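Here the structure is a predicted model, which means the values were calculated and not measured. Sequential numbering from 1 along the given sequence is applied to the chain's residues.
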Amino acid sequence: WSPQEAEEKIREEEGKLLLAKMSQPSFMVALDPGGRQVSSEDLAGMVGSWQETGHRCVSFLIGGPVGLDPKLVARADLSLSLSRMTFTHDMARLLLVEQLYRVFTIRAGTGYHK
């Protein structure tokens with residue numbers, strides 16, 4: 001396999017593993033550099049909307065070193081970008097957790113997010 005073919009195979013296998021671990025039904029949010037960029041306040045509004053429309057489970061999908069399978073990104077209900085910069089898998093998880101904490105403090109009306 002060429003390096004490109006190997007990366008495609010890795011993305012495909014990781015995508016299968018992510019789908020297998022996901023709760024069903026789940027609102028899927030792919031974290032992808034090409035995704036939509038939103039503010040913390042906008043994300044808080046989105047989460048509120050998801051809650052109001054009955055989405056009981058939201059799955060945030062983070063790819064490994066070679067990213068997410070494009071088929072998985074296309075299948076997601078929403079594609080979000082944490083930044084235009086590249087982060088490690090662990091750093092992306094940390095940023096996501098911090099943003100989700102911030103989302104719920106915004107929704108609770110605390111002053112943390114400023």
Which atom of Asp69 lies closest to which atom of Arg11, heavy atoms considered: CB-O, 3.4 Å
Is the closest side-chain heavy-atom distance between Arg84 and Pro33 below 4.5 Å? no
Asp32 versus Leu80: any side-chain heavy-atom pair under 4.5 Å? no
Check ion pair Glu12-Lys16 (N to O, under 4.0 angstrom): yes
Here the pair of heavy atoms bringing Leu68 nearest to Ile62 is CD2-C, 3.9 Å
Approximate separation, where rounding is to 0.5 Å, of Trp1 CH2 and Glu8 CD: 10.5 Å
Please answer: with hydrophobic residues joined when any side-chain heavy atoms are less than 4.5 Å apart, are Leu96 and Phe27 in the same cluster? yes
Identify every side-chain donor-acceptor pair in residues 45-58 under 3.5 Å, counting partners at least two apart or on other chains, and give the distances.
residue : atom : partner : partner atom : Å
Gln51   : OE1  : Arg107  : NE           : 3.3
Gln51   : OE1  : Arg107  : NH2          : 3.1
Thr53   : OG1  : Ser49   : O            : 2.9
Thr53   : OG1  : Trp50   : O            : 3.2

Could you tell me the separation between the CG atom of Asp77 and the OG atom of Ser59, rounded to the nearest 0.5 Å? 9.5 Å
Should Leu43 and Met85 be regarded as members of a common hydrophobic cluster, given that ILVMFWY residues are connected when their side-chain heavy atoms come within less than 4.5 Å of each other, either directly or indirectly? yes
Side-chain heavy atoms nearer than 4.5 Å, only ILVMFWY residues, links allowed to pass through others: does that put Leu95 and Tyr101 together? no
Between Leu61 and Leu72, is any pair of side-chain heavy atoms under 4.5 Å apart? yes
Closest heavy-atom pair, Met91 versus Phe87, reported as atoms and distance to 0.1 Å, is CG-CD2, 3.8 Å
Does Glu5 CD have over 12 foreign heavy atoms under 6.0 Å away? yes
With no hydrogens and no angle check, is any side-chain donor or acceptor of Thr110 less than 3.5 Å from a backbone partner on Thr105? yes
Please answer: with hydrophobic residues joined when any side-chain heavy atoms are less than 4.5 Å apart, are Leu78 and Met22 in the same cluster? no
Which pair of heavy atoms, one from His89 and one from Gly63, lies closest together, and at what distance? ND1-O, 3.0 Å
Side chain of Ser26, backbone of Met28: donor and acceptor closer than 3.5 Å? no
Full working for side-chain contact (heavy atoms from CB on, under 4.5 Å) between Ile106 and Ser40: CA-CA 8 Å; Ile106 291 168; Ser40 297; 4.0 Å; yes
Would a 4.5 Å heavy-atom cut-off, applied to side chains only, mark Leu31 and Leu82 as touching? yes
When every non-hydrogen atom of Gln37 is compared with those of Ser83, the smallest separation belongs to NE2-C, 3.7 Å
Do the side chain of Glu13 and the main chain of Ile10 share a donor and acceptor less than 3.5 angstrom apart? no
Is there a path of hydrophobic side-chain contacts, each under 4.5 Å between heavy atoms of I, L, V, M, F, W or Y residues, that connects Leu17 with Leu19? no
Might you point out which heavy atoms bring Glu7 and Val66 nearest each other, and give the distance in Å? CG-CG1, 3.5 Å
Trace of the side-chain contact (heavy atoms from CB on, under 4.5 Å) decision for Arg36 with Ser81: CA-CA 6 Å; Arg36 181 175 163 195; Ser81 173; over 6 Å; no
